[in-house]
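Below: the structure, in structure tokens.
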Amino acid sequence: MPDLIQLAQALVNGVGVGLVYGLVGIGFCVIYNASGIVNFAQGVFVMLGGMLAHTLLTRAGLPMPVAAVLATVIVAAIGVAIQLLVVSPMWQRGTSMFAIILATLAVQIMIERITILSLGDQPRTYDNFTPGGPLRLGPITIDYQLFWVLGGGALMVAALWLFFTRTRIGRALRACSQNAEAAALLGIPVGRMLLLSFALSAALGSAAGILITPTQYTAYSIDGPFGVNGFIAAIIGGFGSAPGALAGGILLGAAQAVAVVLFGAGYRNVAALVIMLLVLLLFPSGVFNATRSKA
Amino acid sequence: MRTPEQAVVPLLAASDLTARYGRVVALKGVELRVDEGEFVTVLGPNGAGKTTLMRALMRTAARTGTIRFRGEDVSALPTHALARRGIILVQEGRGLFGQMTVRENLDLGAFTRPDRAAGEQRLGQVFALFPRLSERLGQMAASLSGGEQQMLAIGRALMAEPKLLMLDEPSVGLAPRVAVEIIEALGALNRGGLGILLVEQKAPLALRLAKRAYIVTLGRIAAELDAASIGSHHDLAQYYLS
Amino acid sequence: MTGAQWPTEGPNKDQVKEMYMSLKTTLLATAIALAATAQAARAEDSFKIGSALGLTGYAATGDRNWRDGLQLAADALNAKGGILGRKVEIIVEDNRSQPQDAVVAYRKMLSSDQVNAFDSGCVSAGNMAAASFVARAQVPMLLCSILPQKPEEQAWAFSFLPPPTFEIDARYGYLRDRTQIRKVGLLIDPTPYSQLMKGFATRLAPQYGLEIVAEETYKPDDSDVNVQLGRMNAAGAGAVVKLGQGGSTVTVAKNIRQLGLDKMVLMASTDDGGIFKSASEVLGDRFYFIGSAVQFGDAGPSEKAANADKSNGAAKAAIDAFLTPWVAKYGDRDTGQASRAYDSVMLLAKAATAANSVAGPAIKDAIERVGAYNGAGAVYDFSDKQHVGITKNPYFVGQFVNGRPTVSK
């Protein structure tokens, strides 16, 4: 039964990509919860993570761990800059949410162009973190980088969970998401929390990009697919729920892989959209609960 | 030991406080003062501008005018900085974080006061005031009864170590017995030296404890009653009928 | 974590109106500024070449090179007085690698820029979508891509792309002559160019003694092609012949390694050198690519030219004429597409000069009469019957040896 083997192999790889979608989806949720903004520049962070890590590796000759950390810090700073320069001024003027969301789209296009001009338009990639592999389990192979993706992803999710439930700042961020006015009345600086949410979300996207790049390539243009799939992951999870987005991402990655095996490559995106529509039609409460309060 | 000069610096003094919603003027030229340790109440009919007054004081609504807190001009400070100074508002509708536990809500109250030992001590005081909260620590705030939610809202505000505690209609939606319980707790806090500004529709309840009262109608201070005139509060009716 | 609330009131009507007014003012000012520049350009009486390019989207890497090749030629011509005394002006519109956007771009350049000729990038679907109205307007269109399908459209179109069969011939020939691989898998994307090649690839295989054991499709922005590669491997394919361009080539190389397919080789379509380099870093000597003479060697222009047919002095001179300013300006950037873009403008200039006219029909007829033309990227031989200019296979199969693109001989 070669089909079953193919299916298993596809699932293994699909879960890895799906985890990255999930991380991007969590990034959407973190900002959305803190502010109600759907930040469409989310995919940009994934792209920048991979591109900067590659640049630091090859041009600056830094070792991978240093390049990864440095790239993530830079991307977090870019997230902060987006909030300070674009979102915050519009916010304080009371601009409609719709206009702010459009502005994040404009930011995405702008950053793509800046990336082309500064780092070039060439696709690039770098080696797996661990040389060798793949691991062979009978007919199924698992690339070593997949373990890094899964391990790194799990670590980040665990760290996020601890941050949101165990730390003073993390709880304050959650408080802002539930009732920002009440949070401000208790002395929580809501504006700074929003800034933090952009930094956090950007760092998350960056780390995801750094982890996944060795399995494929990175270029200024990969933000689109990652942004869209991360968005769908967040919707599957009931926009706003971080664990939901993670599960949504893994489900999405797996479903896309299965669709390619069963129906062909053209059905990868069809599968994603069908799942999204099914979720919207069958579980609207998960989605609309979170959006209603902002409308 | 206070010198006479210090005694006259009020805890909170607002002057010419004006707030608009779009083109509608919701609050016009309000003058208001709360002294150290004083219990002041703001009364008035529904829609008179009482909630707007609270929001204007905390700057969660756009406003003009001057606000001084213990002599310092705090007019330009953002909401969270006012809270950090010790002006804490318990919102109408309580403003709890419903999907967080009672304990987490209380901890968030102490956001600006990270000293753990002092926090534990205040927590003890809150439990002494509202023993029921200590039994509900792990429960989601949204799952509490109305009275318990109000206790949690006040308890959370106390965790912020307020110098002035402002409450917007804390008795709304509560059974009379529970409302009395809450108001009595406020009386106890005031006797401990805490300045309180209480907005209420139910005049008799508020006037039981207040030393002074402002009557708000149509976005203005219609009258200020001192302790003596509060004693004969029959004439309050005219403000509610207008 | 669920619904968020925020204290800030939504914008009131006044604010919305104000925003709208300021937006209107900005747009108006922009329109006036644009109109002013358009006016200035028209007054100058230049020779305008319009180019619809996929500056973003899947074709971006190649089409940027096409654009820069056009500009390099225009600069060279302008330094010598332009075409018929007119300054050569390259007008570029981004079609985002999408046919719909290409139609808009072409219409804009026809009606508002009134270009003398088109010289567009490799988004074949976009060029095809615009071909009918460009032909009706009687404006010649020089193309990086394949020709449109209808004869009346082909009459006005000139392709500077080596015919797709050459890509296939070069790779199949290499497999037959240099390797033991006889079973091949085709990896195909949905672009017209790729689909066209698929036809040739299937038809030509028997002539080279090869068997197509798998035909798999992918989309250019897919995150992996593991499933397709797995099927090819199961079918016994020893080589993946990829029919399609872009970063996906790097993904395929990565996936071959991730799946532990230690014997499978990858042969990429013509593309940008940077992509080849990345893929070869992954697969090493199991990665093959194809390119024309100008793309090989990196010591300097003459050495690159030396890779070309040495008996042909004209070819060497043409390569030098292009490569010297190119390397000075862009360093080791890929020359495959840029050289042909450069050639196309030079050939256009030659035709316009011969016709002594800037009118579309005259230029078209003149291009058909230029005859054999030695360019930097290839030899072109257009005629009234032959609108695909490259008739001799310019491709070599290459690999990276010590980080340098090298012809595999």
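First the proteins, then the strands, lettered A, B, ... as listed; each starts at 1.
Taking chain A as the reference chain and counting heavy-atom pairs below 4.5 Å, the highest number among Asn226(C), Asp334(C), Val282(C), Leu55(C) is found for Asn226(C). Contact tally against chain C (heavy-atom pairs below 4.5 Å) for Gln122(A), Gln9(A), Gln256(A): the top residue is Gln122(A). Of all the listed residues (Asp221(C), Val250(C), Val227(C), Val252(C)), the one sharing the greatest number of non-hydrogen pairs under 4.5 Å with chain A is Val227(C). Comparing Pro123(A), Ala182(A), Ser221(A), Gly244(A) by how many heavy-atom pairs each has under 4.5 Å with chain C, the most go to Pro123(A).
Listed by sequence position, Arg113(A), Ile116(A) are the residues of residues 109-116 of chain A in contact with chain C, using a 4.5 angstrom heavy-atom cutoff.
Heavy-atom distances place the side chain of Tyr21(A), and not its backbone, under 4.5 Å from chain C. Proximity to chain A (any heavy atom under 4.5 Å) is shown, for Asp224(C), by both the backbone and the side chain. For Asn128(A), the parts lying near chain C are the backbone and the side chain together; criterion is any non-hydrogen pair under 4.5 Å. Of the atoms belonging to Val17(A), it is side-chain heavy atoms, and not backbone ones, that fall under 4.5 Å from chain C.
With sequence neighbours excluded, no residue forms a salt bridge (Lys or Arg N to Asp or Glu O under 4.0 Å) with Lys183(C). Contacts of Phe289(C) classified as ring pair (Phe, Tyr, Trp, His ring centres under 6.0 Å), with partners at least two apart in sequence or in another chain: Phe276(C), Phe296(C), Phe400(C).
Checked by atom type, the side-chain pair Lys219(C)/Ser248(C) shows no donor-acceptor distance below 3.5 Å. Side-chain contact check for Gln245(C) and Asp189(C): no donor-acceptor pair (N or O, by modelled atom type) lies under 3.5 Å. Side-chain atoms of Asp285(C) and Gln399(C) include no donor-acceptor pair closer than 3.5 Å. Under the 3.5 Å distance criterion, with hydrogens and angles disregarded, a donor-acceptor pair is assigned to the side chains of Asp94(C) and Thr56(C).
From Leu102(A), atom CG reaches atom CD1 of Ile100(A) across 10.5 Å, with rounding to the nearest 0.5 Å.
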Table please: side-chain donor-acceptor pairs of residues 254-262 of chain C below 3.5 Å, with sequence neighbours left out.
{"unit_1": "Lys254(C)", "atom_1": "NZ", "unit_2": "Thr125(A)", "atom_2": "OG1", "d": "3.3"}
{"unit_1": "Lys254(C)", "atom_1": "NZ", "unit_2": "Tyr126(A)", "atom_2": "O", "d": "2.8"}
{"unit_1": "Lys254(C)", "atom_1": "NZ", "unit_2": "Pro214(A)", "atom_2": "O", "d": "2.9"}
{"unit_1": "Asn255(C)", "atom_1": "OD1", "unit_2": "Val225(C)", "atom_2": "N", "d": "2.7"}
{"unit_1": "Asn255(C)", "atom_1": "ND2", "unit_2": "Gln258(C)", "atom_2": "OE1", "d": "3.0"}
{"unit_1": "Gln258(C)", "atom_1": "NE2", "unit_2": "Thr215(A)", "atom_2": "O", "d": "2.9"}
{"unit_1": "Asp262(C)", "atom_1": "OD2", "unit_2": "Arg136(A)", "atom_2": "NH2", "d": "3.2"}

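Between Asp222(C) and Arg268(A) there is a salt bridge, since a side-chain N of the basic residue sits under 4.0 Å from a carboxylate O of the acidic one.
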From CA spacing to verdict: side-chain contact (heavy atoms from CB on, under 4.5 Å), Asn179(A), Glu181(A) = CA-CA 6 Å; Asn179(A) 191 334; Glu181(A) 182 168 341; 3.9 Å; yes

